There are 2 protein chains.
Amino acid sequence: MGYPRLVAAAEKFSEITRTAAQTRVMDAALKLIAEHGVSGTSLQMIADAMGVTKAAVYRQFKTKEEIVIAITERELSRLEDAVEAAEAQGHELRAREILLDRMIDQAVSRRGVVSVLQFDPVIIRLQAEHEPFQRFIERLYAALLGTEAGVEARLHAAMLSSAISVAVMHPLVADIDAETLRAQLILMSRRMLDLPSGHDSRGTPKRRSAAV
Amino acid sequence: MGYPRLVAAAEKFSEITRTAAQTRVMDAALKLIAEHGVSGTSLQMIADAMGVTKAAVYRQFKTKEEIVIAITERELSRLEDAVEAAEAQGHELRAREILLDRMIDQAVSRRGVVSVLQFDPVIIRLQAEHEPFQRFIERLYAALLGTEAGVEARLHAAMLSSAISVAVMHPLVADIDAETLRAQLILMSRRMLDLPSGHDSRGTPKRRSAAV
DNA sequence: GTCTATAATTGGATAGAC
DNA sequence: GTCTATCCAATTATAGAC
């Protein structure tokens, strides 16, 4: 922790620092991107939302892509400590619970943001090309899966992470308050985690319907 | 069926007819939109993909928005008969199953397309503004929910429809073949439908794990 | 950090010939 | 149905003054 920081490479997203001016750009951009998508959000729109000119925005970030990268880094950093906690956990099932609870927290408290970052075509391409993003997402999936790698386990994980981030935005739940939503999602995810998968745990079925 | 058709209003999406040239535009546009989103797809890209000029594309559709509307109509029409069958069904649970199976079919057989149309900001706005889309989607939700309207039921429906359309695109299941995916999704949706919801059916629990 | 001004390109859309 | 040619607005991005 004491050695001089390299300029180009931060090992953790949470260690990346931004100036106040940059953060203001990121806040304005995120809000617009959540509504219009990356391609549908222009620098002019961002500048207008901030009450400055385009040139002022370009002073903070050299390109539009850099803004998107900065936003993505910031969002992923919100899951970083949860992933690390999960990786450090000896008990695999408990590790998954830690991670899922945090993912639910994020999805509920930031309704809309998570799903945009997960489904916007530009960000998807960015995540595939930008190595730090790739590495982190792989860690996330690994922690979510644990040692299971079968078809069923992967589908459960895929459905869960999808359902969580998207369901919170669904018209059918638009009127449900955050607390109820969070509680119900945790309940549902526990149920799905505990579903018999027919090939994994010769372990105790003690947790079946424990959350119910 | 015999009376002269009104120009402006088709009652059913499946009754809308398109010329071969229009269909070629729609095919090219859908492919590009599925990858880049609506805002990220230009008329030039569509024309290039077809091997024609922009002007030729504009001959088939007056605006870019009309292309997006046509594509959306075509996709929704694929669920139209399933919604009607569900609405005609006396048995509510059976109705939901019919609809869900079709939604799973669509999501699996057209991996990627469904989720784009469901999450692209431009299409979301379009669906909110275009009345025929609104009406159909409301019918879809109604059939999916049946007579239940509680928090839990709505969240189940939201999670299911979300999870289905998104999970099929998830990196974790990228290598799973269509048939396995379909079978597993049907299994999962049955399980979720049959979960005890604590307030609905004083009905027979006969169907619990029937699909397993 | 912010501005004005502008370059260079691409976007959606139309006119008119074949 | 397709083309060339064009219009105009909006886009990303930069230069240089304050």
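In what follows, every chain begins at residue 1, and chains take the letters A, B, ... in the order their sequences are listed. Keep in mind that what you see is a predicted model, and the values were worked out from it rather than measured.
Listed by residue number, R59(B), Q60(B) are the residues of residues 57-74 of chain B with a heavy-atom contact under 4.0 Å to DNA chain D. Annotation: proximity of residues 17-39 of chain A to DNA chain C (heavy atom, distance under 4.0 Å) is found for A21(A), R24(A), numbered in ascending order. Within residues 122-130 of chain A, no residue has a heavy atom under 4.0 Å from DNA chain C.
S161(B) meets the side chain to side chain donor-acceptor pair (under 3.5 Å) test with H170(A); sequence neighbours excluded. For D177(A), there are no salt bridge (Lys or Arg N to Asp or Glu O under 4.0 Å) partners at least two apart in sequence or on another chain. Contacts of E138(A) classified as side chain to side chain contact (heavy atoms under 4.5 Å, CB included), with partners at least two apart in sequence or in another chain: none. A178(A) meets the side chain to side chain contact (heavy atoms under 4.5 Å, CB included) test with V108(A); sequence neighbours excluded. When the side chain to side chain contact (heavy atoms under 4.5 Å, CB included) test is applied to H36(A), the partners found at least two apart in sequence or on another chain are L32(A), T41(A), M45(A).
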Determine all donor-acceptor pairs shorter than 3.5 Å in which one atom belongs to a side chain in residues 122-133 of chain A; sequence neighbours excluded.
{"from": "R125(A)", "atom 1": "NH1", "to": "E129(A)", "atom 2": "OE1", "distance (Å)": "3.3"}

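At distances below 3.5 Å, not a single donor-acceptor pair connects side-chain atoms of Q184(B) with backbone N or O atoms of L155(A). No side-chain donor-acceptor contact under 3.5 Å links E148(A) to the backbone of G150(A). The main-chain N or O of E66(A) is found under 3.5 Å from a side-chain atom of T63(A) such that the two form a donor-acceptor pair. A donor-acceptor distance shorter than 3.5 angstrom exists from the side chain of R154(A) to the backbone of A149(A), with no hydrogens or angles considered.
Following rounding to the nearest Å, L43(B) (CG) and dA10(D) (P) show an atom-to-atom distance of 17 Å. When rounded to the nearest whole Å, the span between CD of Q44(A) and P of dG11(C) equals 18 Å.
Across all their heavy atoms, E35(B) and P121(A) have their closest contact at O-CB, 3.4 Å.
With axes fitted over five pairs at each extremity, the angle between the ends of the helix from dG1(C)-dC18(D) to dC18(C)-dG1(D) is 10° (10° resolution).
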Could I get a table of every N or O pair under 3.5 Å where one atom is in the protein and the other is in nucleotides 3-8 of chain C?
{"from": "dC3(C)", "atom 1": "OP2", "to": "T53(A)", "atom 2": "N", "distance (Å)": "2.7"}
{"from": "dC3(C)", "atom 1": "OP2", "to": "T53(A)", "atom 2": "OG1", "distance (Å)": "3.0"}

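With respect to R102(A) and D81(A), a salt bridge is recorded, a charged nitrogen being found less than 4.0 Å from a carboxylate O.
Identified under the ring pair (Phe, Tyr, Trp, His ring centres under 6.0 Å) test for residues 99-124 of chain B, with sequence neighbours left out: F119(A)-F119(B).
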- request: Report the C-alpha separation of V173(A) and V168(A) in whole Å, then their side-chain angles, then the decisive distance to 0.1 Å, and conclude whether the side chain to side chain contact (heavy atoms under 4.5 Å, CB included) test is met.
  value: CA-CA 7 Å; V173(A) 302; V168(A) 295; 5.6 Å; no
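Contact annotation: S42(B) does not reach the phosphate of dT10(C) (side-chain N/O to OP1 or OP2, under 4.0 Å).
At least one side-chain heavy atom of L100(B) sits under 4.5 Å from a side-chain heavy atom of I164(B).
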